[in-house]
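Step one of this worksheet: look at the structure below.
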Amino acid sequence: MSTDTEGLSVSRVALYAVLVAMALFYLAPLETGLMTAIKTQDAFFSSTPFVPPFGDGFTLQPWYEAWAQMQGPLTDFSGALYNSAFVAIPATVLSGLIGSVAAYGLTNLNWRGQAGVLMLFVAGMFVPYQSVLVPLTRFWTIVGLQNYLAGVPFLAQRVGLIELIVTHTAYGIPICTILFRSYYASFDQSMLEAARIDGATFTRIYQRIIFPLSKPMFAVVLIYQFTQVWNDFLFALVLVSSPTSEVATIALNKLQGSMVQQYNVQMAAAFVAALPTLLVYVLFGDQFAEGVAGET
Amino acid sequence: SSGGEQTETEGTTQAGGEGTSGESTETATEQSGGSGNALELVHWWTAGGEQDALNALLEGFKQEYPDVEVNNNPAPGGAGSALDTVVKNRVLNQNPPSTFQIWPGKALTQYVEGDVLNTLGDSVWSQEMRDAYRQGVQDLAQPSGNYVAVPLNIHRLNNLFYNTAVLEEAGVDPSSLSDPAAVTDALATISENTDAVPMAHQTQSPWSSVQLWETIFLGYNGVDAYNDAIVNGNISKHESAVKKSLRTLKDYHQHFNDDAGSISWDQANSKVVNGDAAFIHQGDWAAGQYKSASDFAYESDWNMVPFPGTSSMYSVVTDSFVFPKNNPSPDATRKFLSYCGTVDAQERFNPVKGSIPPRTDVPADQFGPFLSSQIEDFKNSESQPPTIAHGTAVTPDVHGNIDEAFAGFNEQWNVDSTTTALVNAFPSN
Amino acid sequence: MLESLFRRLVTRGSGEESDPSGDDVRTDGGTVTKTATESTGGSQRSWRESEFVRSLPFWLPPALLMGLFVYGAIGWNAVISLTEWEGFGSPDYGNLDFSMYARMLADPTFVAAARNTVVLLVAFTVVSLVVGLLVAILVDRGIRFENTLRTVYLLPMSLSFVVTAIFWAWMYNPEFGLINVVLRGVGLGFLANDWISDPSTKLAAVIFALMWQFSGYCMVVYLAGLRAIPSDQFEAARIDGASTLRMYWRVIIPQLRASTMSAAVVLMVFALKAFDFLYVMFGDTPGPSTDILATMMFREAFSSSNWAYGAAIATVLFGLALVVIGPYLYVQYQRGDL
Amino acid sequence: MAELTLDHITKVYDDDGSDIVAVDDVSIDIADGEFLVLVGPSGCGKSTTLRMIAGLETASSGDIRLGGDVVTGRPPRDRDIAMVFQSYALYPHMTVRQNMSFGLEESTDMSDGEIDSVVTDTAEMLSIAALLDRKPGELSGGQQQRVALGRAIVRDPKVFLMDEPLSNLDAKLRSQMRTELQRLQEDLGVTTVYVTHDQTEAMTMGDRIAILNDGELQQVATPLEAYHQPANLFVAGFIGEPSMNFFEMEAREDRLSGDQFDYPISQETREAVGDATNVTLGIRPEDVQLVEEGSGEHDFGTVVDVVEPMGNENNVYLSFETDGAAEFVATIDGMRSLDAGQPVVARIPEDAIHLFDTDTGETLKNRSLAELEETEPRF
Amino acid sequence: MAELTLDHITKVYDDDGSDIVAVDDVSIDIADGEFLVLVGPSGCGKSTTLRMIAGLETASSGDIRLGGDVVTGRPPRDRDIAMVFQSYALYPHMTVRQNMSFGLEESTDMSDGEIDSVVTDTAEMLSIAALLDRKPGELSGGQQQRVALGRAIVRDPKVFLMDEPLSNLDAKLRSQMRTELQRLQEDLGVTTVYVTHDQTEAMTMGDRIAILNDGELQQVATPLEAYHQPANLFVAGFIGEPSMNFFEMEAREDRLSGDQFDYPISQETREAVGDATNVTLGIRPEDVQLVEEGSGEHDFGTVVDVVEPMGNENNVYLSFETDGAAEFVATIDGMRSLDAGQPVVARIPEDAIHLFDTDTGETLKNRSLAELEETEPRF
Ligand SMILES: Nc1ncnc2c1ncn2[C@@H]1O[C@H](COP(=O)(O)OP(=O)(O)OP(=O)(O)O)[C@@H](O)[C@H]1O
Ligand SMILES: Nc1ncnc2c1ncn2[C@@H]1O[C@H](COP(=O)(O)OP(=O)(O)OP(=O)(O)O)[C@@H](O)[C@H]1O
Ligand SMILES: [Mg+2]
Ligand SMILES: [Mg+2]
C-alpha cells in the first residue's frame, strides 16, 4: 500500500522517530566496531568501546596493520582480499550461470521425475556445512587436483582456492537454481511460445530471451551468493592450507592470537574484510531488495 | 609484519604440499630428500608479540640452516581450535605439514595411537638435550614412552598476579596466603576495603575457569593427588577433593568482575592494569600485557606470587612441535626439531614470547627481571604438573568433556552436578 | 531473493493469497491468461519426451555436480556415522551399526544441544519475522528515504558471523556494552544484565543478535509481500470500519502467509548455520544453555576426534533441516509447484 | 439513506512538486435514493471523486455533505458509506461469510448472532447463500461480484459507492448484473454513486449521469438528456456508441462549409449558430439515412467502406471518396445488406443535427426533439 | 497463404488421471485468404484448437493440413505460421525492431539488411515506424498490439493465428483496431484464424465464424447466417446482444403451450415442429413489437419491468405479470419512452420466431427471411 493520506503530522513524526531509532539500532554494533578500530590498544582497554577516542587515544595504525595483514600490496596477485575475490567472483558467477541454465532446463517441463529432481535441489540448500566437512576434505584429497594443475604454476599455487571455487559453486547451485526457476516460472509463457513459433530452438530461446531477461534475478543471486562465499569461513578453513592462499575470513580469524588479542586491529581488519560485501550492499542493496520485491 | 614471512615463501614453487596426497609426496620426498626442501610450519602464533617471537626463532633457524626454506603457515588461532581442524584434516588425509604446533602430553595421545607421528630418535632428542630438559617436561614429550615432540617454551600456569597498589589499599599481603581458601578471605577483605574487583576473571569461554580450578585443586591436594585424579583418570576416588576445589572456585566467583561472562581474559587482565581489579589468576602470558602497558612496572605496580598452596610447583603450559609421518620434508623437519631443542632457539624465542625456556641451561640475561625469577622458580620447582586447560594432562576427548562441564559451571555454579560431569568426563575403566 | 524463490514457488499455487484482483478474478468470458499459463505443460508424450531430452543438457550436469558434492558428501557422512571411527585411524566400513545414535540418546549434552537448536530455530525465526514485519509495516507507510533506510536495515546481513559475533560480545558487555548503557540511560537500569553470561538470557541474547542480523531480510520480504497486496484491500478494510491495528491484524497479516512461509524457511536455514556466530562468541564450548548441535558436532569431530559421533550428530542436524523443510516441500509438491 | 452533496470539491495531487488537478471544482446534488453514475474517460477523476466521498482521499477544498452533516474531514469509518471496488477487494483469506461479517464486526456492536442472521439474509437475497463457506478464490467473477455487493449491503449504509464494479465481468454477465444491480438499488432505495468509464453502462443504469472530463464536470442529466441534448461537444462525442459523427465546418451565410461538403442551413439554425465561425456539425449514426435516390439539399453521395453486421443492425462506414478511409458511420437496419465499395446517398436531416462551437466546445444547437414527442407510444 | 484444414481433431488432456476433452472431433475447412473466427464461451476449447494449429499442443487425434501438407506432427517452427497472443507476448528486453526481426533471424537465412528493410516496411504499414527503437514497456496497449501484429506480418506466413488479440484494449480502441485488423487482413490476403469469446467481435470481423461449445463445433457459417439461421439453441443464444428470448413450450395440435402464454401456430410451423414435444420458442428482441392495442392472436399483455435507454434504442424488459421479474426483452426505437410498470402489448410475429427442440437443442424452424429480401435497398 502506499501513503496514508490522512497521516497526522504527530504520528508522522513518531513514525520517523521509530524508523530512525531502528536505523540506529541496526548501525550501533557497526559504530562500536568502527570506534574500536580507531583506538589504540590502551585507549581500548581504558574506555568504553562505542565511545569515540579522544586525544592520543586516536590512531589509524590498526588500519595500516589490518591492511597489511589482510591484503598487503595490491600489485602482486596475492593477499587475502585478492584470494577471496579470486574465489568469490568465479564461484558466484559460475553458480549463478549454472543455476540459471539448470533452472531453465527444469522450467516449463512436465515429466514425472521433475518434482524429485527439484526436491533434491531445494533440500540441497539446507545442508549444514558441518555435515559434509570430513567427506569433503577426503574427496579433494582423493582427487588430487594439484597433479592436474602442475603444469600451470599460477593455478598450482592456488589449488586450495580452486577447490574452494568448485565447492562453493556446487553448494551454490541449489539456491541459484531454485531462485532462477521461481523467477522463470513467473515469465509470460506465451512469450516463450511466441519465440518457438518464431522458429527459435530450445537453446536459442535461452540465449536470446531467457538469459537477457534474467538480469534482475542475476543481481539478486549474485549479491546473495557473493556474500555467502565471501563470508564463508568453514570451507576455507578446511580446504585451504597454504598461507599464500588464505582468504579474508581466515586472515581475519588469524588476527586472534593464541593468547594475545589486538582488538583495534581485529576490528579494522573486520571492516577491511567486510568492505566488499558492505560495498555491494550499499551500492546494490536497492537492486537486491527490488529483485526480491520485483518477484511479485 | 607479514612481509617478512612472505619473502620467505617467495620462489617456493611447490605449493606447500597442500592437497598433496600421501604417496606422491613420499616419492617427491625421496627424490629431493635433504636437498633444501621446503619446511611447512603450521602454528597458531599469529598475533602481536607471538608473531615476533616466531620470527626471531625462524631467523635463528635460517642462520643455522640456510638451505632450508621455511614455508610459514600460521593457522587461525583462538587457542588452536581452528588449527586443530586444519591439522587433523590434513593428517587424516595423509597430507600433513612438515611440522605443526601442538600441546604435548595427552594432547598427543590420539596422534600416537593413530600412528601418525614419527618417533624422534637420538638425532633430535640427543643426550645433551635430555640432560637439559627437566623430567616433567620430558614426560610430556613422550606420552607413550617414545619422544614424539620437542617442547619449545614454557608458560607457568599457577600464578596469582596482583596490583600492588590495590592490595596495599586493601591491606592484604599476598605472600601470607597459604592455601586457596585463604584467597577467599583475602578477596572478601579486598571487597570490603576497596572499590576494586577482588579477582578479575573471564567466564565467556570455559578454559579460564578450568585452569583456575585445576590450580586450586593442586593447591589443596598436591601433585600426586592431581596426577592420580586427572592424569591417571582416577577422579572418582577424589570426588570430595574435586568438590572442595569447586566450592572454592564458587566462592571466588562471588568476587569476580560483573562482566566476567562477556569479556575475554585480556580484557579482564586490563582491569588489573587499570587498578580496577586486585588479583588475577592466569598463565604468565598475562605479564606480556603488563610489560606493554605504560607506567606499569614489575614489583612496584604489579607482582606475582605462586598460587597459594602451589609454591613448590611449576604448572607447565608448553607448546611443542612434532614430526608427522608422510612427511613432505623429513630432513628439514628433523633439522627444525633439532634446532627447537637448542639453547640458541630457546634464547631467541622465549624472551619475546614471554615464556621461559624448557632447557635449564639457557642464559637468563635476555629475559628481564620477571621471567628471570620465573626461570629461577622453574629450576627450583619440585614438580612440573601438566595442565588440563592447555591440553597436556588429559586427552582431547576428556578435555572437551571438562570444558563442557565448566561451561556449565560458569552458568550454574552447581558444585554437585559439575562434580558428576567431571567424573563422567573421564572414560570409566 | 530467497524469499522470491519461495514466493514464486508459493504464489503460483496460491494466487488467492496475494492477489485477488489480478488474474485471479475469473472473468467468465475468459479474458484471463491463466489457462494459457497452466496449459504449457500439458503437451503430449512425443513432444514431452523430446522436450525432456532437449532439456537434459541444461539441468543434468548441474544436478550431477551438486549431487556429487552435496548428496555424495551427506551419504558418505551418514555411512561414517555408522562406524566407530575416532582418532587417527581409518574408518572401518565393515562393521556398521547405530551405536553412535544410541550413545547420542544417552548423552545429556546432546539432549541439551538438540533442545537449544530447536529453541534457537523457532525463537529466532519468530522474533525475526515479527520484527521484520513491524519494520516493513512502518517502512510501507509511504516514507521518504525509504531506499536508504532499507539499505541500512539490510546492512547487517552483509557481514559475516565472524564479525557480528565480535560486535555483539561488546554490545552485551554488562558494564560498558551499549545495551546496558542505554537501559541505564533511560532509567531501566534494573533490567541491565550480564546477557551472554547469565544462562537464563544467554540463548536469548544470541537470538537477539541473530535477529539483528536477519530481521532486515525479513523486512524486505514482507515489504515485497505488502506491496503485492492490492491497495484496495487496505481501503476496503478502512471502509469496513477497521482501525489501523485491526486492519493489519485481520486483513493484511493473514495475507502475508506466503511471505511468512518463505522467510521462515530461509531464516531456519540461517539458524542452522548459526555455528560461526556461537563459535566466535563462545568458542567450541558455549555451555549447556547455548550449545547447539552444530557446535557440538564440531567439538566432537574436530576437537575430540570422535569422527563417527560427530558424523552422527551432523546427520541428525541434516535430518532436522529436512524436518523443517519437509512439510514445506510437501505442500509445494501438493500444489504442483515442483 | 440520505442525500449527498458535493460542494465545489477539488483535489490536487502533488506529483514531485508539480500539481495535478485530478478533480476541479465539482458540485453535484444527489437526491436521497438516487442512482447517480459518474462517467468519463480514463483519468478524468471519477475514482478520485468517489474516493473523496468515501474518505479515502481528503478533498483539497470544498465540502461533502451527507444527509445534512458535513463529513469532509472524517475518516471512512465515521461516514456510514459502503464501497464496492472494481477488483471487488474481497479478503482472500476469509470465507464469504467472514468477508460479509467483517464490516459489521469492525464498525458495529452487533452480536455474533445478529451479524450472522443479517449476513445470511443478504446472502439469500443475492442467491449466494450456498457459497457462504467458500473463499473468494473458489468463486467465479460474477459470484465474487455478488459477494462484494453483499459486503456493502449488510452494512446498511447511507450511501453505496461503486467504482467500476462490473468491468471485470464478461459482456454477457455484465449486462445481466447491470439489470440486477439496478433492480437491487431500486429495492433498497440507497443513494448510490456509481463510477464507470463505459457510456453504455452509464446510460442504462443511472437515474442521472454526471459526465466528467479532465477533472471538470461537463453535464449532470438524465441519460436521454445527455444523449439528445448534450451540453457540449465532449458529452456529445462521449455518449452514444457508435459515437456521433462530427464534421468541422465553417459557418457561412446560409450554409456550413466543410472540406468534403457544404451543408445548407435554415434561418433558424443560422440564428443558433450566432457569431461562431468554426462550427462542428454532429449527427448520430442512426440519424444518417441511406436513401435510394439523392435529391434533397442534405443528401450526399458516399461510398461504403466497411460494413459491420451486428445482427439486428449494421454499422456502415462511409467515405466521401472512392477508396478513401471511412469518414463517418451510419447505423441501418440489420435486414439491409450493403457491400464495400457500393455507392450510397447519405441523408443528413437538418432537424437531427447538432451544432457545436468548435473553439469552445459549447453546444449551439441540439437536435429537434419534435420527432421524439410524436413517436411517443400511447397505449 | 494457403488453405487450412482441420480434419477431425481432438484434444484430450490428462488431468491427474481423469481425461478432459478440450476439443472434440472438430473439422473445419478454411479457404485460402479467409478470415475465420473461432468463437465460444470461456473454456470451450478455442485456444486449444488454435494452439494445435500452431503446434504448441499436439492433437490427440485427427490431422491438420496446411496448403495440402499434413503438419500435424511438426514443431511450430516448421509450420510457417505466425501467432498473435492475447498478452501480445512481446519480448520485453528487445526494441520493437528487434522484436520484429527475431522471427526472421531465427527462421530464415535473410541478411540483416533484408530483414531490416522488411521490418521497416511493415512498421510503416502499421504506422509504428516511429516506435521502432522503443521497448514494449514504453508503448501503449494499442501500440503493443500493432507491434505484435507486425511481428506476425514480417514473417509472411501461410496462416495468421490470433488468440483474443484485442481483449486487452479498451472499448473505443478495440472497435477501432477491429476495423483496422479487418482491412489489413483483406489487404494481405493471409488465411487467418481468429479466436474470441466476444460474439460482437466475431460477427463484425469474420468472413465466417465457427462457434464452439464444450469442445464441440456447433456451426460454421457467415455471421448473418449464424444470426438469422442458427443451427441450434446454443448458437441462437450465443450470437446476438441482447440475446434471443427463449420460452420453453409444449407442442400441442395448433399451438405451443407455455407456463405464461399459449402461442397459436400455423400449419406450416406445425410441420416444422414435427414429432418434437418440448419446444423452445425463440424471438430476437428487435423482432418483438410493442403495439398500441393488442388484437392479434400473437399479441400478449405484458408489463414493463426495466427500461435500458441506449440512446438510439431502448431495451425494454418485459414481464407477463405485474411486479414479476423480467421474462424477456424487446428492443425498441430510442425515441419512444416507456416507464417501469407501464402495461404494454407485445407482439411476437410468427414469421420472426425460431423454434428449437428443447431436448436436443436442434433447430426446428428459423425465422422467415422474406422480409430480409424485401427490404434490400436498391440504389
Ligand atoms: N494444460 C491443460 N491441462 C488440462 N486441461 C486443460 C489444459 N489446457 C486447457 N485445458 C482445459 O481445456 C478446456 C479448453 O481450454 P481452452 O484454453 O482451449 O479454452 P478457451 O476456449 O480458450 O477459453 P478462454 O476463452 O477462457 O481462453 C478447458 O476446460 C480447460 O480447462
Ligand atoms: N495518488 C495520486 N497521485 C498523483 N496523481 C494521481 C493520484 N491518483 C490519481 N492521480 C491522477 O489524478 C487523475 C484522476 O485519476 P482517477 O484515478 O480519479 O481517474 P479515473 O477517472 O478513475 O480513471 P480510470 O477510469 O482510469 O480509473 C489522473 O490524472 C491520475 O493520474
Ligand atoms: Mg478509476
Ligand atoms: Mg483461450
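Computed from a predicted model, the values in this text were never measured in an experiment. Reminder, nothing fancy here: chain letters follow the sequence lines and each chain counts from 1.
A 6.0 Å sphere centred on OH of Y93(C) holds more than 12 heavy atoms belonging to other residues, nucleotides or ligands. Residue N274(B) places its CG atom among more than 12 non-hydrogen atoms of other residues, nucleotides or ligands, all under 6.0 Å distant. Heavy-atom contacts from other residues, nucleotides or ligands closer than 6.0 Å to CG of D97(C) number more than 12.
Contact record, P206(B) with T285(C): CD-O, 3.6 Å, taken as the closest heavy-atom pair. The two residues K88(B) and S303(C) have their closest heavy-atom pair at NZ-O, 2.8 Å. Shown here for G400(B) and S304(C), the closest heavy-atom pair between the two residues is CA-OG, 4.5 Å. Summarising the geometry of F282(C) relative to Q204(B), their closest heavy-atom pair is CD2-O, 3.6 Å, with the distance given to 0.1 Å. When all heavy atoms of G287(C) and A407(B) are compared, the closest pair comes out as CA-CB, 3.2 Å.
Using a 4.5 Å cut-off between heavy atoms, A260(B) touches chain C through its backbone atoms (N, CA, C, O) alone. Contact of E86(C) with chain B is not made at all, since no heavy-atom distance falls under 4.5 Å. Looking at P108(C), there are no atoms closer than 4.5 Å to chain B (heavy atoms on both sides), in backbone or side chain. The contact between M281(C) and chain B is made by backbone and side chain atoms together, counting heavy-atom distances below 4.5 Å. Looking at N306(C), only its side chain comes within 4.5 Å of chain B, counting heavy atoms on both sides. With a threshold of 4.5 angstrom between heavy atoms, W85(C) approaches chain B through side-chain atoms but not through N, CA, C or O.
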| task | Apply side-chain contact (heavy atoms from CB on, under 4.5 Å) to the pair E411(B) and T290(C), showing each step before the final yes or no. | result | CA-CA 10 Å; E411(B) 289 181 356; T290(C) 323; 4.1 Å; yes

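Heavy-atom pairs under 4.5 Å with chain B peak, among I196(C), D198(C), N180(C), at I196(C). Contact count against chain C (heavy-atom pairs under 4.5 Å) is highest for L92(B) among T203(B), L92(B), V116(B). Contact count versus chain C (heavy atoms, under 4.5 Å) is highest, among G261(B), A421(B), S205(B), for G261(B).
No hydrogens or angles considered: a donor-acceptor pair under 3.5 Å links the side chains of Q110(B) and S305(C).
Interatomic distance, OH of Y309(C) versus CG of D397(B), reported as 10.5 Å (0.5 Å rounding).
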